[in-house]
Amino acid sequence: MKLYGIKACDTCRKALKALELAGKTVTFVDIREAPLDRSKIDSFYETIGDQLLNTRSTTWRGLSDEDRLRAPAELIAEHPTLMKRPVIEANKLYLGWKKDVRDALL
């Protein structure tokens with residue numbers, strides 16, 4: 001199982017800790033330190049859709065109106081913090097760490 005996120009993200013840390021405590025083998029991928037290639041972002045976007053783009057982030061608020069019109073996968077490739085986190089790759093893709101995701105993975 002792979003968990004894609006950012007080290008400083010509290011939700012990513014909670015998810016990683018809970019999964020490890022449940023005995024799951026998890027590989028953490030910090031998308032700032034190891035940016036995702038475009039094919040991986042495209043794959044995530046095809047599966048998850050518009051929810052993958054975090055339009056509530058500080059990074060999003062700092063973008064110009066022109067930049068906001070660009071393709072979401074292109075924006076995430078350029079600004080990794082625009083990706084909602086965590087994205088968990090297990091038997092399928094999961095986004096976030098809400099109850100439904102916890103129930104499915106723990």
Side-chain angles (χ1 to χ4, degrees):
M1 170 181 317
K2 285 189 177 181
L3 189 149
Y4 298 89
I6 295 173
K7 268 192 278 197
C9 174
D10 288 338
T11 305
C12 292
R13 288 190 296 221
K14 287 177 192 174
L16 185 61
K17 183 177 179 180
L19 290 166
E20 288 174 341
L21 286 173
K24 307 288 183 179
T25 302
V26 183
T27 301
F28 180 75
V29 179
D30 188 321
I31 60 173
R32 273 192 181 148
E33 292 178 6
L36 301 175
D37 63 41
R38 183 63 189 265
S39 64
K40 180 64 89 175
I41 295 168
D42 287 340
S43 170
F44 287 176
Y45 192 76
E46 286 174 19
T47 304
I48 296 170
D50 289 335
Q51 292 179 351
L52 186 64
L53 186 65
N54 186 358
T55 58
R56 298 175 67 187
S57 73
T58 305
T59 305
W60 176 261
R61 285 181 265 151
L63 293 176
S64 68
D65 290 339
E66 183 180 305
D67 281 340
R68 290 180 183 186
L69 296 174
R70 293 171 45 205
E74 184 180 319
L75 286 170
I76 292 169
E78 192 173 312
H79 306 280
T81 57
L82 285 174
M83 186 177 89
K84 277 192 185 169
R85 312 171 290 274
V87 172
I88 303 169
E89 195 173 42
N91 53 342
K92 67 178 199 170
L93 284 179
Y94 298 90
L95 178 64
W97 191 242
K98 295 193 186 263
K99 185 176 180 351
D100 62 326
V101 175
R102 291 191 306 265
D103 290 347
L105 295 174
L106 297 177

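Since the model is a prediction, treat every value here as computed from it, not as a measurement.
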Out of Leu95, Ile41, Leu36, Ile48, which residue meets the side chain to side chain contact (heavy atoms under 4.5 Å, CB included) rule with Met83? Leu36

What pairs meet the ring pair (Phe, Tyr, Trp, His ring centres under 6.0 Å) rule with one or both residues in residues 25-71, with sequence neighbours excluded? Tyr4-Phe44

Enumerate the residue pairs fulfilling ring pair (Phe, Tyr, Trp, His ring centres under 6.0 Å) with a member in residues 62-106, sequence neighbours excluded, ordered by first and then second residue. none

Contacts of [X] that satisfy salt bridge (charged side-chain N to carboxylate O under 4.0 Å, His left out) - sequence neighbours left out:
X: Glu46; result: none
X: Glu74; result: Arg70
X: Arg68; result: none

What closest approach, in Å, do [X] and [Y] show between heavy atoms, and which atom pair accounts for it?
X: Gly5; Y: Cys12; answer: CA-SG, 3.6 Å
X: Ala15; Y: Leu3; answer: CB-CD1, 3.8 Å
X: Ala73; Y: Arg38; answer: CB-NE, 3.6 Å

To the nearest 0.5 angstrom, please state how far the [atom1] atom of [X] sits from the [atom2] atom of [Y].
X: Lys40; Y: Glu89; atom1: NZ; atom2: CD; value: 3.5 Å
X: Thr11; Y: Leu16; atom1: OG1; atom2: CG; value: 12.5 Å
X: Lys98; Y: Asp103; atom1: NZ; atom2: CG; value: 13.5 Å

Is there a side-chain contact between [X] and [Y] in this structure, where contact means two heavy atoms from C-beta onward sitting under 4.5 Å apart?
X: Leu53; Y: Ile76; answer: yes
X: Leu106; Y: Leu19; answer: yes
X: Leu82; Y: Asn54; answer: no
X: Thr25; Y: Met1; answer: no

I'd like to check the side-chain contact (heavy atoms from CB on, under 4.5 Å) partners of Thr81; sequence neighbours left out, ordered by chain and number. Ile6, Arg32, Thr59, Arg85

Would you find a donor on one side and an acceptor on the other, under 3.5 Å apart, between the side chain of Thr47 and the backbone of Ser43? yes

Could you check Leu75 against Leu63 for side-chain contact (heavy atoms from CB on, under 4.5 Å), going step by step and ending with a plain yes or no? CA-CA 10 Å; Leu75 286 170; Leu63 293 176; 4.2 Å; yes

Greater than 12 external heavy atoms within 6.0 Å of Glu20's CD: yes

Decide whether Ile88 and Leu93 are clustered together by the hydrophobic rule: side chain heavy atoms of Ile, Leu, Val, Met, Phe, Trp, Tyr closer than 4.5 Å, transitively. no

